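Both counts, for ligands and for their atoms, begin at 1 and track the order of listing. Predicted, not measured: the structure shown is a model, and the values here were computed from it. Each residue takes its place number in the sequence, starting with 1.
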Amino acid sequence: MRQAPNIVVTGTPGVGKTTHCESLAEKTGLRHISVNQVVKDKQCHEGWSDEYQSWIVDEDKLLDAIEDDVAAGGCIIDWHACDLFPRSWIDLVVVLRVDSATLYDRLKARNYAEAKLQENLDSEIMEVLLQEAREAYDAEVVIELTSNTSDEMESNLDRIEAWVKQWKIDNEQR
Ligand code: ADP
Ligand code: MG
């Protein structure tokens with residue numbers, strides 16, 4: 001039995017996953033696992049894709065690399081995908097969403113190439129990651145939160161922090 005819950009924070013690049021995870025880790029004492037960092041540091045990839053400007057992730061290696069941490073509980077997993085994690089690992093999936101204009105500005109600020117920028121905007125508009133989360137997890141595990149402004153972020157963080165507290169209370173009583 002885990003002492004603390006495991007949370008996935010997911011969404012299209014630029015929605016605010018890393019910003020949320022860092023603050024949430026500070027507020028709750030849970031551990032931020034940046035999958036990008038793990039993929040790089042532990043070489044959970046089959047090389048670099050010039051087309052996608054990202055690592056070609058070896059999912060089995062990645063799952064092996066984080067398995068012990070996740071088994072202990074209390075992880076906040078930061079990644080733009082969620083359906084590779086076994087359902088038994090995950091207590092909450094937070095899908096962050098933003099308006100197209102806001103996402104455009106954030107990705108532009110990152111100097112994304114036009115094709116990659118458009119692909120990510122389309123993905124956000126089509127709710128690709130929300131659908132992926134809903135297909136992979138039970139409905140009560142998945143929450144969708146907007147991340148357009150810092151006020152929205154603060155309210156998201158309060159809400160998730162309250163959820164973590166409640167999870168601990170519920171799981172002590174068993
Ligand atoms: P991701 O990890 O999903 O790619 P980041 O956390 O790196 O996204 O955020 C992308 C950019 O958007 C950063 O410059 C961050 O400061 C900004 N940002 C993220 N969330 C918000 C928000 N809720 N309100 C305002 N700016 C935000
Ligand atoms: Mg990030």
For this session: Determine, for E144 against R134, whether the closest basic-nitrogen to carboxylate-oxygen distance falls under 4.0 angstrom.
Result: yes

For this session: Work out how many protein N, O or S atoms lie closer to the Mg ion (ligand 2) than 2.8 Å.
Result: 1

Exercise. Which residue holds the protein heavy atom closest to atom 8 (O) of ligand 1, what is that atom called, and what is the gap in Å?
Worked result: G16 N, 3.1 Å

Exercise. Taking non-hydrogen atoms only, is R110 closer than 4.0 angstrom to ligand 1 via side chain, backbone, both or neither?
Worked result: side chain

Exercise. So does D138 pair up with R87, basic N to acidic O under 4.0 Å?
Worked result: yes

Problem set entry | Winner among L145, D105, T12, T149 once heavy atoms are compared against atom 24 (N) of ligand 1 | T149

Problem set entry | Set of residues satisfying ring pair (Phe, Tyr, Trp, His ring centres under 6.0 Å) with respect to W89, sequence neighbours excluded | none

Exercise. Counting from 1, what ligand 1 atoms have a heavy atom of T19 closer than 4.0 Å?
Worked result: 5 (P), 6 (O), 9 (O), 15 (C), 19 (C)

Seminar exercise, completed: Per-atom filter on ligand 1: closer than 4.0 angstrom to a heavy atom of G14 are 1 (P), 3 (O), 4 (O), 8 (O), 10 (C)

Exercise. Can an N or O of M153 be found at a distance shorter than 3.5 Å from an N or O of ligand 1?
Worked result: no

Problem set entry | Same cluster (ILVMFWY, side-chain, under 4.5 Å), V141 and W79 | yes

Exercise. According to the interplanar angle, ranging from 0 to 90°, do the rings of W48 and W55 count as parallel (below 30°), tilted (30 to 60°) or perpendicular (above 60°)?
Worked result: perpendicular

Problem set entry | Contact check, S150 vs ligand 1, heavy-atom distance below 4.0 Å | yes

Problem set entry | Nitrogen or oxygen atoms of S147 and ligand 1 under 3.5 Å apart | yes

Problem set entry | Option nearest atom 22 (C) of ligand 1 (shortest heavy-atom distance, choices R106, E22, E152) | R106

Seminar exercise, completed: Atoms of ligand 1 under 4.0 Å from any heavy atom of N148, numbered from 1 in the order shown, are 24 (N), 25 (C)

Exercise. Would you find more than 12 non-hydrogen atoms of other residues, nucleotides or ligands less than 6.0 Å from K27 atom NZ?
Worked result: yes

Exercise. Is the number of heavy atoms from other residues, nucleotides or ligands within 6.0 Å of CD (Q131) greater than 12?
Worked result: yes

For this session: Report yes if some N/O of P13 lies less than 3.5 Å from some N/O of ligand 1; otherwise report no.
Result: no

Exercise. Do N36 and V38 touch side chain to side chain, with heavy atoms closer than 4.5 Å?
Worked result: no

Exercise. Would T12 and N120 count as having a side-chain donor-acceptor pair, cut-off 3.5 Å?
Worked result: no

Exercise. Protein heavy atoms: any of them under 4.0 Å from atom 14 (O) of ligand 1?
Worked result: no

Exercise. Rounded to the nearest 0.5 Å, how far apart are OG1 of T10 and CG of D83?
Worked result: 9.0 Å

For this session: Report yes if the side chains of R2 and W167 come closer than 4.5 Å at any heavy-atom pair, otherwise no.
Result: yes

Exercise. Taking atom types as modelled, is there a side-chain donor on Q166 or D170 under 3.5 Å from an acceptor on the other?
Worked result: yes

